Amino acid sequence: MRRGRGYVAGMEPIDDSDNLPLSQRAIAARPAPYLEGLNAAQRAAVETLEGPVLMLAGAGTGKTRALTTRIAHLLMLGKARPGQILAVTFTNKAAREMKDRIAALLGETVEGMPWLGTFHSICVKILRRHAELIGNGELHLKPAFTILDTDDQIRLLKQLIQAENLDEKRWPARQLAHLIDGWKNRCLPPSNLPKREKAAFDGWGGRLYAAYQERLLSLNAVDFGDLLMHCVTLFQAHPDVLKSWQERFRYILVDEYQDTNVAQYMWLRLLAQAHRNICCVGDDDQSIYGWRGAEVGNILRFEQDFPGAQVVRLEQNYRSTPQILSAASGLIAANSGRLGKTLWTEAEAGEKVRLIGHWDSEAEARWIGEEIEAFQGGHRAGLGKVSLDDIAILVRASHQMRAFEDRFMTIGLPYRVIGGPRFYERAEIRDAMAYFRLVVSPADDLAFERIVNTPKRGLGDKALQTIQTVARRHGVPLLEAARIAVEEGQLTGKGLVNLRDFVAALGRWHADALDAGASHIELAERILDESGYTAMWQNDKSPDAPGRLDNLKELVKALEEFDNLQGFLEHVALVMDRDEGEAGEEVSIMTLHGAKGLEFPVVFLPGWEDGLFPNQRAMDENGTKGLEEERRLAYVGITRAERLAVISFAGNRRLYGQWQSSMPSRFIDELPEEHIEILTPPGLYGGGYGAAMAFAGANAGTDMHDRAAQADVYNSPGWKRMQARAAERKAPVRRAPVTIDTEAAAHFSVGDKVSHAKFGEGQIIGIAEDTLTVQFAAGFKTIKAAYVTPAGSDQDVPF
DNA sequence: CGAGGGGAGGTTTTT
DNA sequence: CCTCCCCTCG
């Protein structure tokens, strides 16, 4: 157990007294040390403990700090024991960070926060306790159920589609998987599926979905979507079970609420019903996962869903310069239906957001590479030396990464690509896991199918069919069927010998796994060696074989944290992260989605071209909604930058091998010019000012060597529009606070002093619609804006 | 069983 | 253009 720093003096040990009556007055009089340094809004977010709270936390406003301090506060006040707080995140990374920070605040590890985790991991914990209640009359889950990943899911669906004698080309399993995920995201089990939806997939949707769920049950398996859906249906069908969980969780905290889907929303609502102490943190402007079922509506509707909800807005930004914030705010202002926020900062104005166009994607990559080298050498004004670790390139689509990888490889610029294939998605890890699964659960047919012929044992389709026939005839799992097939001599030659050995080896390993005295780590190594799996990769001459062997070693190492294989398997499916090894200074390349929650001093945002960003397909499929989500993505991108953001676009880009010309992104037109610095094109093509660009419409796009076509600078409609607008507005630029407030109470801002007839003077800490949250001497109140008057503002909004 | 050709499809991504 | 998957042929 790790002892953290900063043990809080005078801290009461957390005991069974769940409700130490401590009024907010008392806290205000003697603030706990961990509350120091919080701004007024953050304090409100930390101290408004009872009832529903919506914490609207803009980018870089100290959301995680508020959230973790709130948990620490709950524990310190004795409002709840660690086991009575439910805190959910979307990613393991976020969960881990919260744990670490709470530990730092409290000066000890939070082994005692068993219910801080991802939606999925918490659902697993709950489901394992009630597995028997999940299922239909005959079949139900058992507590050791396995969690299938996307790959298993597809393979299973493929089998079902084949079983119906459907053409896999016309009925692709991937598409069905997508449909089923969608239904599960909306918490629609086969029995509740509307007729219209059942007819999806050419009429087979409902039927295949039901068959799939049935098959999962018989395999004692669930997929990711089931974790939430089963949990919700469990709660709905068993009020007593629900009640026990409702009572346990006195306080609920939810991170990234704008990303919740319907199932997660239902889950939260059910659990919050008893104590109603639910605090949801989110930012409607950063909702970028609509395409996988997230409903921005959840956060927009919060106040209706949870009547009496208090809304706290965190608007002071501690990350970016005013220039960056203003550019981002100006852009996102084009979206409709926002809750509205006014981000502000005390930071120095800083560098304007830079904008530059390039001839093509290769020139773009080349230029960014040169800029990075210049930054690194300290040859760029305003920033001094910048470490490679401080620089990120954020792209819309992963195929954009290649241009940068190619370029950086040639010039020897160290980089890392973040968000490649996950560790546990790699074939070798999945194979090894399948071995472990089959050893622990001999009835795991999916695992059997995966590895029976890996490495090659001469057991092809035909052998597998034979085994499957035997399995059906005897009604036994495949491994058992294999044993029978061997005994009955249904196979011949090499296959027979190999299968006999395979079955025998599994028997041995299984026995060893049951032996509590034996080391599960040694067993794992033995399984991989004796099965020939390690040898298979050792003999493989492909360049990635050594890497795969390393991964296997890492997998075995991960076993150390568990007592046995069983325990490992129960948790690992959800928690295995690939190690982001710090290997010296490197530029980070990642997608905009992957960058959410991160921050970098310098951020490059390439590929701002219509069709790529905003993405054509997003707009085609979801219209304005899709466009707005793309715009939020742009907002997320810009707000990752602490000191400098550089946006760029290319006139030509290779797409599916074809050179295609493109127009600058419409988002570029939406950037507020006063915060943008337009860089003159580099002198790469003919040199100096006025060189370099040709865009679509000039019909020269397809020939990148056509220098003549490059004569006219920025010859695009979008660019001209921008120039025209810049010319128009000479004098009366709206200066000072960039107030992008959609509220009726727009003449108030957070931080304003107001006075109220009854409560006296106070300071606004939150604004929602026409309702203000005001901190008075007597405490926090939520008041209609009409009932207060401005009492003079001493808070300068610094830009 | 495994290598190689043909054909389709090719945002974003966590669990 | 490039990758992945399926199918066929040796």
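Just so it is clear, the model here is predicted, and its values are computed rather than measured. All chains are named by letter (A, B, ...) in the order of the sequence lines, taking the proteins before the strands, and each is independently numbered beginning at 1.
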- Tell me the salt bridge (Lys or Arg N to Asp or Glu O under 4.0 Å) pairs involving residues 604-615 of chain A, sequence neighbours left out? A:E609-A:R653, A:D610-A:R666

- Message: Counting primed atoms plus P, OP1 and OP2 as sugar-phosphate and everything else as base, spell out the protein contacts along nucleotides 5-13 of chain B at 4.0 Å heavy-atom distance: B, S or - for each nucleotide, 5' to 3'.
- Response: -----BBBB

- Message: The criterion is side-chain hydrogen bond (donor to acceptor under 3.5 Å, both in side chains); which residues satisfy it with A:Q258, sequence neighbours excluded?
- Response: A:E256

- Query: Should A:N92 be listed as having a side-chain N or O under 4.0 Å from OP1 or OP2 of B:dT14?
  - Reply: no

- Query: For A:L459, which contact category applies under a 4.0 Å heavy-atom criterion: base, sugar-phosphate, or nothing?
  - Reply: sugar-phosphate

- Quick note, side-chain hydrogen bond (donor to acceptor under 3.5 Å, both in side chains) partners involving residues 171-182 of chain A, not counting sequence neighbours, are A:Q153-A:D181

- Task: Please name all residues satisfying salt bridge (charged side-chain N to carboxylate O under 4.0 Å, His left out) with A:R269, sequence neighbours left out, ordered by chain then number.
- Result: A:D305

- Query: When you compare C:dC5 with B:dT12, how far apart are their C1' atoms, in angstrom units rounded to a whole number?
  - Reply: 23 Å

- Rounded to whole Å, the CG-P distance (A:L227 to B:dT15) equals 12 Å

- Results of salt bridge (charged side-chain N to carboxylate O under 4.0 Å, His left out) for A:E97 - residues two or more places apart only: A:R101

- Message: At 4.0 Å (heavy atoms only), tell me whether A:G225 reaches a base, stays on the sugar-phosphate, or touches nothing.
- Response: nothing

- Item | Nucleotide B:dT15, atom P - distance to NZ of A:K93 in whole Å | 10 Å

- Message: Could you tell me how far apart A:Q286 (CD) and B:dT14 (P) are, to the nearest whole angstrom?
- Response: 17 Å

- Query: Considering residues at least two apart in sequence or located in another chain, which fulfil the side chain to side chain contact (heavy atoms under 4.5 Å, CB included) criterion with A:Q616?
  - Reply: A:M619, A:D620

- Item | Length of the line joining A:R96:CZ and B:dT14:C1', which is rounded to integer Å | 13 Å

- Message: Filter on salt bridge (Lys or Arg N to Asp or Glu O under 4.0 Å), then keep only pairs touching residues 284-296 of chain A, sequence neighbours left out; what's left?
- Response: A:D284-A:K341, A:D285-A:R338, A:D285-A:K341

- Message: Under 4.0 Å, heavy atoms only, any strand: does A:D223 hit a base, just the sugar-phosphate, or nothing?
- Response: nothing

- Go through A:L216 and A:L148 one step at a time and tell me if the side chain to side chain contact (heavy atoms under 4.5 Å, CB included) criterion holds. CA-CA 9 Å; A:L216 285 177; A:L148 302 190; 3.5 Å; yes

- Message: Side chains of A:E428 and A:Y533, heavy atoms from C-beta outward: is any pair under 4.5 Å?
- Response: yes

- Message: Please classify the nucleic acid contact of A:K158 as base, sugar-phosphate, or nothing, using heavy-atom distances under 4.0 Å.
- Response: sugar-phosphate

- For DNA chain C, note the earliest and the latest nucleotide, 5' to 3', having some atom under 4.0 Å of a heavy atom belonging to chain A. C:dC1 to C:dC6

- Rounded to the nearest Å, what distance is computed from the CD1 atom of residue A:I147 to the C1' atom of nucleotide B:dT15? 9 Å

